[in-house]
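In this chain, numbering begins with 1 at the start of the sequence shown. Excluded from the calculations below are hydrogen atoms, water molecules and symmetry mates; all remaining heavy atoms, backbone and side chain alike, are included.
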Amino acid sequence: MLSESVLEGLDPEQRAVAEAVRGPVCVLAGAGTGKTRAITHRIAYAVHTGVMAPQRVLAVTFTNRAAGELRGRLRTLGAPGVQARTFHAAALRQLTYFWPRVVGGEPPKILESKIRVVADAAREIGVSLGGGELRDVAGEIEWAKVTQHRPEDYAAAAARAGRRPSAEIADVARTYAMYEELRRQRNLLDFEGMLELTAAVLTEHDEVAKQVRDQYRYFVVDEFQDVNPLQKMLLDVWLGDRDDLCVVGDPNQTIYSFTGASAAHLLNFTADHPRAKIVRLVRDYRSTPQVVGLANGLLGRAPASGHKLELVAQRGAGPEPAFHEYDDEIAEADDTARRVRKLVDEGVPAREIAVLFRTNAQSEAYESALAAANVPYVLRGAERFFERPEVREAVVRLRGAARAGADAETDGTGLIRTVRHVLSGAGFADRPPEGAGAARARWESLAALAQLAEDMAADNPKAGLPEFVAELEERAAAQHAPPLEGVTLASLHAAKGLEWDAVFLVGLAEGMLPIIYAKTPAQVEEERRLLYVGITRARVHLALSWALARSPGGAQARRPSRFLDGLTGKTATHTPARLDRSAKRRPAKGPQPCRVCGRPLTAAVERKLGRCEDCPVELNEELLIALKEWRAGVSDEQRIPAYVVFTDATLQAIAEHRPESMEELARIPGVGKVKLDRYGEAVLGLCGL
């Protein structure tokens, strides 16, 4: 039965979640324990057993990317009709639908950013605010609104909560009041107002509430530890007197308290729902025992709490986390870039490496250091991918080509050729332009689209241009950008929900982590959880570092973060600053470099091999022959084309690298999770001959 097949491969705790098809259910899920797998299989199992109709399910999460991932997994599991949206997207959809009936008139314009209106409000009342202060005041207004404090209540509430905005609290309150007045005058609706107004419409109009509750009868909320009071209020209105609610979260990853989020909703779930089934997911499938051990050790030194989830590693052993101390921040950035370069040279894809820091201001030194080391990088949180002019142009061209029937034969490679041909009209070429700047950035955007076509062809060889365009449009609606080739530079907050093979946690000094503004015990413990989030992003390689001084030659008065006490042991190494700082740093980005000559790689075959096609390399010819003979047998047995098993380029890359473990095999481009599960043991058996 299809319903039983959905349960296959789940561990006992994940299966317990999947089989708990009626609420209330609370899933306490540690980092890397497969929570998304558990909740998507729960929904699919409930749909296939007839408990839930897919169109009656609303799965709520916090980012468009996560919502897109949920929809994609549910489609794969045979439950394509389920709605997966963020709180704001779901509220906007309902508000837009019911507006003509319950309000009427011109609907308000959604305010994407508060900054401009906050600036106008401050000017109106004669308050001078700089750029940083404007962002800070906008953040204070958001906090006040999600915690349901009006302008006249803000000052007292901020004092009780220990808020310390950069502007005077009285000025924040006055700016907040004027902001609300200007917003109403201009018929604008911010995100908080959108949630509040949706809840009010459902509360005040019984017929609207009945229609919404008839439509959505089963709710799943991911990242429940990040729910704020306003979101909780809307969720309660959606539910009414029902309790078919499944919530998923990790109290150890509560890192947004400063925005009004509260883990209390997760931890006190049984107070609201005494019949709730509680399931704990602690089997960590993401990280090695060494990474998991460090994460557990970090939390083990936190003040006593009854809600810790101690992870149990399921992967094989890996390298020990490395601790590095440097004379100054420049030395730290330079050596981090050198270590990143070494990993790339050893075959770790640049996109599988991240450098994470506490504040965005720390990014610049690593941008320069990576550029000087000729390592491509991507800034997470920069301009939205699908809003880039070259991407918009490319999507228009691809959409037109699809309407014109420009598809090549649908044999997997046909889609790749068609997409690359269409993109060439937008300026895409096999090789990137020299240097940095706008031309390189444009090329990288188009290269990401070409790579996405290759990924789709690998997953579904029958996919054509219409399917590719549909995928792009869905990703654009969800702001689900394809991965760009390069090392990720991101703040610890921006890294939540992501993972990489290798993670470098930098700047771990007192005053930076915990940040100097963390004064209360609760604020300090949130900083500890932020480091925990950083540690648990790593699958295999993990490095933690700090600098004794900010600038070269400065007083080395800093000390490592208190959170590292008792964790570094004797493994910390002191790396003095290099004396030669004459190398010119280039603010350049680029694609994956050749592991032999360092030239940027652009063609799909070269990226799979990790080198230029004409660069010399040691190749085990006997292994390559054995791999091709094995592939031919699988092709005949399963009645599928040989390239669907593995392409020639992937087999050649396997023969060159000769992996000795599943982890090493998984690093080879073209070997995804499905193929690893299906063919991994057979391939490793051949490599061991």
CD1 of I353 to CH2 of W500, rounded to nearest 0.5 Å, is 11.5 Å
Practice prompt. Considering only NZ, NE, NH1 and NH2 on the basic side and carboxylate oxygens on the acidic side, decide whether D206 and K210 come within less than 4.0 Å.
Written response: no
Counting heavy atoms not belonging to R135, are there more than 12 under 6.0 Å from its CZ? no
Between the CZ atom in R537 and the OG1 atom in T488, the distance rounded to the nearest 0.5 Å is 13.0 Å
Side-chain contact test, heavy atoms from C-beta onward, threshold under 4.5 Å: evaluate it for I255 versus Y532 and give yes or no.
no
R539 bridged to E663 by N-O distance under 4.0 Å:
no
Sidechain N-carboxylate O distance under 4.0 Å for R280, E310: no
Worksheet entry | Side-chain heavy atoms of I110 within contact of F191, under 4.5 Å | yes
* Answer yes when E207 and R101 have at least one side-chain N-carboxylate O distance shorter than 4.0 Å, and no when they do not. => no
Could you check if a side-chain atom of Q83 sits within less than 4.5 angstrom of a side-chain atom of Q215, using non-hydrogen atoms only? no
In terms of the angle between their ring planes, are F87 and W238 parallel, tilted or perpendicular, with boundaries placed at 30° and 60°? parallel
Checklist entry - Would you say the side-chain atoms of Q231 and N228 include a donor-acceptor pair closer than 3.5 Å? => result yes
What's the verdict on salt bridge (charged side-chain N to carboxylate O under 4.0 Å, His left out) for E525 and R528, showing C-alpha distance, side-chain angles and the deciding distance? CA-CA 5 Å; E525 286 311 304; R528 183 192 300 274; 2.9 Å; yes
TODO: Decide if atom OH of Y97 counts as having more than 12 heavy atoms of other residues, nucleotides or ligands within a radius under 6.0 Å.
DONE: no
**Request:** Would you please test E527 and R358 for salt bridge (charged side-chain N to carboxylate O under 4.0 Å, His left out) and show each step?
**Result:** CA-CA 9 Å; E527 296 286 300; R358 176 60 179 84; 2.9 Å; yes
Could you check whether R667 pairs with E352 (Lys NZ or Arg NE/NH1/NH2 to Asp/Glu carboxylate O, under 4.0 Å)?
no
- Message: Walk me through whether H265 and V247 qualify under side-chain contact (heavy atoms from CB on, under 4.5 Å).
- Response: CA-CA 10 Å; H265 303 306; V247 301; over 6 Å; no
Residues 18-31 vs salt bridge (Lys or Arg N to Asp or Glu O under 4.0 Å), sequence neighbours excluded, gives R15-E19, R22-D244
Across all chains, not counting sequence neighbours, the side chain to side chain donor-acceptor pair (under 3.5 Å) partners of R75 are E474
Check whether the ring centres of W143 and H149 lie less than 6.0 Å apart, and answer yes or no.
yes
### Message
If the threshold is 4.0 Å, N to carboxylate O, is there a salt bridge linking R399 and E473?
### Response
yes
- Message: Evaluate R150 against E196 for salt bridge (charged side-chain N to carboxylate O under 4.0 Å, His left out), listing each step before the verdict.
- Response: CA-CA 13 Å; R150 304 305 178 199; E196 190 173 33; 2.6 Å; yes
Rounded to the nearest 0.5 angstrom, the CZ-NE2 distance for F62 and H88 is 9.0 Å
>> Assess, by modelled atom type and distance only, whether the side chains of E526 and S257 contain a donor and an acceptor separated by less than 3.5 Å.
In response: yes
Value for OG1 (T288) from CZ (R286), rounded to nearest 0.5 Å, stands at 12.0 Å
Open item on the list: Salt bridge or not between D250 and K35? Use side-chain N to carboxylate O under 4.0 Å.
Closed with: no
* Asked: Do L530 and H493 come within less than 4.5 Å of each other through their side chains, counting heavy atoms only?
  -> yes
Shortest non-hydrogen pair, R529 vs P251, comes out as CD-O, 3.5 Å
Requested in this report: Answer yes when E69 and R73 have at least one side-chain N-carboxylate O distance shorter than 4.0 Å, and no when they do not.
Outcome: yes
